[in-house]
Amino acid sequence: MTNTAHQAQRAQDEKAVGWSEFAGAEPVLAERVERRFGAYRHHVLATLRADGSPRLTGLEADFRHGELWLGMMPGSRKALDLRRDPRFALHANPGPGTDMADGDTRIAGRAVEITDAEALARYSAEVETPLPFHLFRAELTEVVRVSVDDPHIVLETWRPGGPVRTVRRGDDDVPPTVG
């Protein structure tokens, strides 16, 4: 088995949950993350190329029916990457300026391709996007939000099976606090 195949197998063994399970467990963080992604239409998706190197591409993320959906043009490189190795990271568009008003948000997980023709047709009708396209449902392995609560940088991290872990960092003279 190649190194990439080993990595893909490890990713499949890692616990992952759908958006609704995350939102049910951590509704406050889920609402903040969804609001951040909703602020702008285009975001950045990271996938893995066949050689294991990262590929960054634009993507529209869609929260609908308790799930996070990733839609892509037919035959796109990012869709082919996810078919081969489902691991991804999705970074919310930070918007203009440097104020980070709603925080810096990213999601990691695995993408599960939806191939059922009826499900694709329903989704296509709802979002008014013509077929064909690739549609993936996100299964989350990590959600991270970084925000500023002056004078601190606040790092919130969630992984399946655990609570949100919050670290507040000040300057180098004050050690971080974990809550």
Checklist entry - Which residues satisfy the side-chain hydrogen bond (donor to acceptor under 3.5 Å, both in side chains) test with His134, sequence neighbours excluded? => result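 Partners of His134 under the side-chain hydrogen bond (donor to acceptor under 3.5 Å, both in side chains) test: Glu113.
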
Next on the checklist: Which residues pass the side-chain hydrogen bond (donor to acceptor under 3.5 Å, both in side chains) test with Thr105, not counting sequence neighbours?
Outcome noted: none

Item to check | Leu90 vs His43, side chain to side chain contact (heavy atoms under 4.5 Å, CB included): CA-CA, chis, key distance, verdict | outcome: CA-CA 7 Å; Leu90 181 63; His43 307 287; 4.2 Å; yes

If hydrophobic residues (ILVMFWY) are linked whenever their side-chain heavy atoms come closer than 4.5 Å, directly or via other members, who joins [X] in its cluster?
X	value
Leu135	Trp69, Ile114, Leu120, Tyr123, Val127, Leu131, Phe133
Leu56	Val44
Leu80	none

Item to check | Arg77, CZ atom: more than 12 neighbouring heavy atoms under 6.0 Å | outcome: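 Count not over threshold, so no.
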
Checklist entry - Which pairs count as salt bridge (Lys or Arg N to Asp or Glu O under 4.0 Å) when at least one residue sits in residues 123-135, sequence neighbours excluded? => result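 Salt bridge (Lys or Arg N to Asp or Glu O under 4.0 Å) check on residues 123-135 returns Arg64-Glu126.
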
Checklist entry - Is the shortest heavy-atom distance from the side chain of Leu45 to the side chain of Thr47 under 4.5 Å? => result yes

With a 3.5 Å cut-off and sequence neighbours excluded, list the donor-acceptor pairs that the side chains of residues 27-39 form with protein atoms.
from: Glu31; atom 1: OE1; to: Arg35; atom 2: NH1; distance (Å): 2.9
from: Glu31; atom 1: OE2; to: Arg35; atom 2: NH1; distance (Å): 2.9
from: Arg32; atom 1: NH1; to: Glu156; atom 2: OE2; distance (Å): 3.1
from: Glu34; atom 1: OE1; to: Trp19; atom 2: NE1; distance (Å): 3.3
from: Arg35; atom 1: NE; to: Asp102; atom 2: OD1; distance (Å): 3.4
from: Arg35; atom 1: NE; to: Asp102; atom 2: OD2; distance (Å): 3.2
from: Arg35; atom 1: NH2; to: Asp102; atom 2: OD1; distance (Å): 3.3
from: Arg36; atom 1: NH2; to: Asn93; atom 2: O; distance (Å): 2.9
from: Arg36; atom 1: NH2; to: Pro94; atom 2: O; distance (Å): 3.2

Item to check | Taking every non-hydrogen atom, the tightest pair across Gly103 and Arg145 | outcome: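 Nearest heavy atoms, Gly103 then Arg145: N-NH2, 4.3 Å.
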
Checklist entry - What's the shortest heavy-atom distance between Leu140 and Gly18, and which atoms? => result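 Smallest heavy-atom distance, with atoms named: CD1-O, 4.4 Å.
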
Test of understanding: with side chain to side chain contact (heavy atoms under 4.5 Å, CB included), list the residues that count as partners of [X], not counting sequence neighbours.
X	result
Arg106	His91, Asp104, Val144, Val146
Ser53	Arg49, Asp51
Asp116	Glu118, Ala119
Ala16	Arg110, Glu139, Thr141

Checklist entry - Between Thr129 and Ser124, is there a donor-acceptor pair closer than 3.5 Å when you use the side chain of the first and the backbone of the second? => result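 No; judged by distance alone, with no hydrogens or angles, the pair does not exist.
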
Item to check | Backbone of Arg55 reached by a side-chain donor or acceptor of Lys78 within 3.5 Å | outcome: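 Here the side-chain-to-backbone pair does not exist.
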
Checklist entry - When you look at Glu26 and Val143, which way does the side chain to side chain contact (heavy atoms under 4.5 Å, CB included) test go after all the steps? => result CA-CA 11 Å; Glu26 297 294 344; Val143 177; over 6 Å; no

Next on the checklist: Among residues at least two apart in sequence or on other chains, which ones pass salt bridge (Lys or Arg N to Asp or Glu O under 4.0 Å) with Glu21?
Outcome noted: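 Salt bridge (Lys or Arg N to Asp or Glu O under 4.0 Å) check on Glu21 returns nothing, list empty.
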
Next on the checklist: Distance check, rounded to the nearest 0.5 Å: His152 atom NE2 versus Ser147 atom OG?
Outcome noted: 11.5 Å

Item to check | Value rounded to 0.5 Å, distance of CG in Leu48 from CZ in Arg87 | outcome: 5.0 Å

Next on the checklist: Grouping I, L, V, M, F, W and Y whenever their side-chain heavy atoms are under 4.5 Å apart, do Phe136 and Val112 come out in a common cluster?
Outcome noted: no

